[in-house]
**Student:** 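Quick one: this structure, given as structure tokens, is what I'll be asking you about.
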Amino acid sequence: MADYSKEEIKRIEEKWRTIWKERDVYKVQNNSPKPKYYVLDMFPYPSGAGLHVGHPLGYIASDIVSRYKRLKGFNVLHPMGFDAFGLPAEQYAIDHGIHPAVSTAQNIENFKDQLSKIGFSYDWSREVQTCDPSYYKWTQWIFLQIFDSWYNRRKEKAERIADLIALFEKEGNTNHPFPNVKFLVPGTKKETFSGDDWKSFDEHTRQEILMQYRLAYLAYTDVNWCEALGTVLANDEVINGVSYRGGFPVVKKQMRQWSLRITEYAERLLKGLDEIDFSDSMKEIQRNWIGKSVGAKVTFEIQSEGGQSSKLVVFTTRPDTIFGVDFMVLAPEHELVRSITSTEQKEDIEKYLRYVESRSEIDRMAEVKKITGAATGAFAINPFNGRKVPVWISEYVLAGYGTGAIMGVPCGDERDHKFAKHFNLPVTNIIGEYYNGSEANPTKEATLQNSDFLNGMVMHDAIDVVISKLEEKGIGKRQVNYKMRDAGWSRQRYWGEPFPVVYRGDIPYAMDEKELPLVLPESNNFRSSGSGEGPLANLKEWVFFKDGERRDTNTMPTHAGAAWYFLRYMDPHNDKAFAEKKALDYWGQVDVYVGGSEHAVAHLLYSRLWVKILHDLGYLNFDEPFRKLINQGKITGDSRFVYRVRGTNKFVSAGLKDGYDTDPLHVDVNIVTGLELDTQAFKNWKPDFATAEFILEDGKYICGASIEKMSKSYFNVVNPDVIIENYGADTLRMYEMFLGPLELSKPWNTHGIDGVYKFLRKFWHLIHDHQGNIHVSDDEPSREELKVLHKTIKKIEYDIEHFSFNTSVSEFMICCNELSSIKCNKRSIIEPLVIALSPFAPHVAEELWEKLGHGESILSATFPAYDEAYLKEDSFEYPISINGKVRAKMNFALDMPKEDIEKLVLASDAVAKWTEGKTPKKVIVVPGRIVNLVM
RNA sequence: GCGGAUGUGGCGUAAUUGGUAGCCGUGCCAGACUUAGGAUCUGGUGCCGAAAGGCGUGGGGGUUCGAGUCCCUUCAUCCGCACCA
């Protein structure tokens, strides 16, 4: 009766899912004598489309790890939740009139339903949803802690604003200059103030100054404003300067918004990468994003027509090339542009500024290589040799990076060189033969020439010499720059966390902790108000809730909820704190974090930032959230096409399509076997195709194929429910792992799933007889059987520890084949293997475990230990290679001395045949590996 | 352009980390059983060759007794960044 059939699988899986749920077996306690282990999945955004086979890939891997670690005696935290705020739900509400809260709740139910069928060992009692007020209360609370902090550069850590005020009262800001260099004390032209000054400032001035230091601060920043849609767009909704939806033009618009001062943490975010186990590419992407460059700020005197002197500060990473400066270039937006322009050049400059103004983001991006610019008529004086060089403006210099001004060194910088050639500026060669006259050479290896006191010095050595000289002369200093900008934290959206602040005048004050959460008000109007403010601005009574006070009409980005959710899992129901200190200390860092590489920058950086801030403020005893990160590859779709002859309802097979004028159409992959279309199913697929006719080749309709992302609109989505229906969750789990290395992207291909299914059935039959009864032997196992067992356990353990799940599945198959062929059904062999299999195929493992007579769930079993003693061979068959080619094989004891092996090999007839009696020049004996003769 | 990764049979992949390349699975070929089925079992299967043998890890070069693995170079594909001074 009980074969491992479709019906039996369904029965087993349903049975165990029910039992697991009833007995609450995955519930985890925050205290245990066992060591802790924290396995985390990136929690999903519950989209309406549901799961496809690509989604569970990482979840299956992390589930295997957590089940394995549990069997290994760890107290494992393995939670799941939902990143439930976000744009699609809001867009869906606008399009379909369904409130985001409603559609999100539905989608979450749907996700949980699908997830539950795959047999994950999540502790659902710890589920978090970022849109739940009891959760976002703490998102808001953490935001307020960040608002109440500043970065003490001297101590390289965040401190409370109260500490800063105490400092100001005592000594002003002389030791802690404004992080933003352009800010001046209100009402003055000064960058510093004294303790007495501070005491004389009014409340407004004080708050304005404090705002310059806060780690969460308000400032005027650009938003992507789309006039046609009447809304503000997120950066990823803007593709090449036009809106993702509709392709409408997008312009920059200044608005007063929240930002997080992540730039203060640039160095620590960079250094932290050395301590954590992320892939090289992931670390590189983050380093790249932070974009550290070390160089110098150099001050040049400007001589302009009026005669009044001004100073121009440039940033350069190559101060060693200072004698190669042939011109200066300012960003068109640079503040000096208008004041230094000569009367003669005024027209040119104004014309150029108008041109720049007229250029949209798209133009600028599309024509990066186009060289434009205008001369100001002013000159800059090289501080070292007094040389006068012209000052130009050009859009290739960005206002937002460095000082918005550069020194042009055409012989060493490609862009400067092109600029010089285009405008016929002279090129001073300071690198001798390294410069060929037609192309710049950015080398650091050249020996400097025409460079005054640097002559004869190699460039990379000269860099420090110049910086010292600059500092000595007081005309420059060492400077580190970062590409990373502060993180914009306001979204003009409804479906997110409201900012827990109250404005009095234009100053925001933190809400009292006791008033949190500031609940997102009910609304049915999700369109942004015309002014560019978010939808909350429509709710006048909520915004202006009290005389003289007003709320923020923006909400936080989804990154906010996701920046700390891994902490909430540790103590998810706490209403006194975001998590109890004891729980935070107990669980600590996430040991393994599994998720997609698309979150390389935003999510991972913000999480790292929040953890660092919470660490600095004393809430956490660790300052990196994730000890190890695994990026599962994407599973792509394998699309199929049919070719419709244009203007007809005839479809031509792929091999014959060249003879026709055709349009390719995506066809549902579920009605194609390999490349062959099920023509009847195709006719039934859509009414339009009911009357389809086919032009066949060899009696078959062959489809075209292409690898694309899995998407409903490509009809290449494979739903895990369908696989589970046909093969069961255990086969799905093992097959997804078997598909290839976890971190590699690969197309989904259902071919081959039979192999995994056959394995499970074979394994099942190891201990079932033909009638389906359990048939195990309690006899002592043979040495051969023990060897198979221990070898397998050893490899499986190694593979899981190294996240190499594809090879562990292979290992199970090999083991099963070997046991089948020696007809082994010994209990002492099978039982450990069932335990080892349980992380991969938990349902069938539980069933077998029970059938083997165990009352307790397999979850409380212990992962078997292997014994090297069974793996040791006493002899080894040595390949004998002669000049690199294996010519013979000989068996020797493993502990035989090298000399004896050498003697025996040389004396053997099989070897003599190849050596032709000559003595080899050299004999290499590697114990347990190979014997190599060099003739 | 810069940075990161990948490249092995018809296909997905493996290789004790420098030691017999191709494990496992699919696919294909042959056979067995059979109530002919997209079931099950057994054997074969990198390429050339009748065989002996030769050739083979994108291409070229190098180090080594020995290279898929290390070094140099080159090509192809994917991903990230992209006027960042």
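Chain A is the first sequence line, chain B the second, and so forth, proteins listed ahead of strands; every chain is numbered from 1.
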**Student:** Assign A:R485 to base, sugar-phosphate, or nothing according to its heavy-atom contacts below 4.0 angstrom with the strands shown.
**Tutor:** nothing

**Student:** What's A:N883 touching, base or sugar-phosphate or nothing? Going by heavy atoms closer than 4.0 Å.
**Tutor:** nothing

**Student:** Looking at B:rA15, which nucleotide sits across from it as a Watson-Crick or G-U wobble partner, both distances under 3.5 angstrom, or is there none?
**Tutor:** none

**Student:** Give A:P920 one of three labels, base, sugar-phosphate or nothing, depending on what nucleic acid heavy atoms sit under 4.0 Å from its own.
**Tutor:** nothing

**Student:** What is the separation between atom CE on A:M407 and atom P on B:rA85, rounded to the nearest whole Å?
**Tutor:** 12 Å

**Student:** If we count only N and O atoms by modelled type, under 3.5 Å, do the side chains of A:S293 and A:Y401 hold a donor and an acceptor together?
**Tutor:** yes

**Student:** Both distances under 3.5 Å, Watson-Crick or G-U wobble: report the partner of B:rC70, or none.
**Tutor:** B:rG62

**Student:** Side chains of A:K922 and A:N932: is there a donor and an acceptor less than 3.5 Å apart?
**Tutor:** no

**Student:** Could you go over nucleotides 5-12 of chain B and give all protein N or O partners under 3.5 Å, atom names and distances?
**Tutor:**
{"unit_1": "B:rG12", "atom_1": "O2'", "unit_2": "A:L739", "atom_2": "O", "d": "2.5"}

**Student:** Just so I know, are the side chains of A:F840 and A:D730 near enough to count as touching, which here means a heavy-atom distance under 4.5 Å?
**Tutor:** no

**Student:** Under 4.0 Å, heavy atoms only, any strand: does A:N806 hit a base, just the sugar-phosphate, or nothing?
**Tutor:** sugar-phosphate

**Student:** Output yes when at least one side-chain N/O atom of A:S597 is less than 4.0 Å from OP1 or OP2 of B:rC79, else no.
**Tutor:** no

**Student:** For B:rC79, take OP1 and OP2 only and decide whether either is under 4.0 Å from a side-chain N or O of A:N631.
**Tutor:** no

**Student:** Heavy atoms from C-beta onward define the side chain here; which of B:rA14, B:rC24, B:rU16 lies closest to that of A:R929?
**Tutor:** B:rU16

**Student:** So do the side chains of A:M42 and A:L629 get within less than 4.5 Å of each other, counting heavy atoms only?
**Tutor:** yes

**Student:** Side chain of A:I406: nearest nucleotide among B:rA85, B:rC24, B:rC83?
**Tutor:** B:rA85

**Student:** Of the nucleotides B:rC83, B:rU20, B:rA85, which has the atom closest to the A:P879 side chain?
**Tutor:** B:rU20

**Student:** Applying a 3.5 Å limit to both distances, which nucleotide forms a Watson-Crick or G-U wobble pair with B:rG38?
**Tutor:** none

**Student:** When you measure from the side chain of A:Y878 to the backbone of A:G928, do you find a donor-acceptor pair of N or O atoms at a distance under 3.5 Å?
**Tutor:** yes

**Student:** Mapping A:I924 and A:G755 to their closest nucleotides on RNA chain B, which lands nearer the 5' end?
**Tutor:** A:G755

**Student:** Can a salt bridge be assigned to the pair A:E899 and A:K903 using a cut-off of 4.0 Å between side-chain N and carboxylate O?
**Tutor:** no

**Student:** Only counting residues at least two apart or in another chain, list the ones meeting ring-ring contact (aromatic ring centres under 6.0 Å, His included) with A:W748.
**Tutor:** A:Y735

**Student:** Between B:rU26 and A:K758, is there an OP1 or OP2 to side-chain N/O distance shorter than 4.0 Å?
**Tutor:** yes

**Student:** Does some side-chain heavy atom of A:Y4 sit less than 4.5 Å from a side-chain heavy atom of A:H768?
**Tutor:** no

**Student:** Have a look at A:V886 and say if it touches a base, only the backbone sugar-phosphate, or nothing, with a 4.0 Å heavy-atom cut-off.
**Tutor:** sugar-phosphate

**Student:** Hey, does the side chain of A:R287 come within less than 4.0 Å of B:rG4's phosphate (OP1/OP2), counting only N and O?
**Tutor:** no

**Student:** Identify whether any heavy atom of A:K283 sits under 4.0 Å from a base atom; if not, whether one sits that close to sugar-phosphate; answer base, sugar-phosphate or nothing.
**Tutor:** nothing

**Student:** Which listed nucleotide (B:rC65, B:rC83, B:rG25) is nearest to the side chain of A:N817?
**Tutor:** B:rG25

**Student:** Which nucleotide in the list B:rG25, B:rC65, B:rG80 gets nearest to the side chain of A:M813?
**Tutor:** B:rG25

**Student:** Can you tell which of B:rC65, B:rC41, B:rA85 lies closest to the side chain of A:K762?
**Tutor:** B:rC41

**Student:** What is the base-pairing partner of B:rG43, counting Watson-Crick and G-U wobble geometry with both distances under 3.5 Å?
**Tutor:** B:rC29

**Student:** Taking the side chain of A:E284 as its heavy atoms from C-beta onward, which of B:rU20, B:rG4, B:rA85 lies nearest to it?
**Tutor:** B:rG4

**Student:** Need to verify one output field. Residue with the more 5' nearest nucleotide on RNA chain B, A:D416 or A:Y735?
**Tutor:** A:Y735

**Student:** Under 3.5 Å for both donor-acceptor distances, Watson-Crick or wobble: does B:rU6 have a partner, and if so which one?
**Tutor:** B:rA76

**Student:** Looking at the side chain of A:Y401, which of B:rA85, B:rC24, B:rC83 is the nearest nucleotide?
**Tutor:** B:rA85

**Student:** Please identify each residue that fulfils side chain to side chain contact (heavy atoms under 4.5 Å, CB included) with A:D874, with sequence neighbours left out.
**Tutor:** none

**Student:** Specify the separation, in whole Å, of atom CG of A:D413 and atom P of B:rC2.
**Tutor:** 14 Å

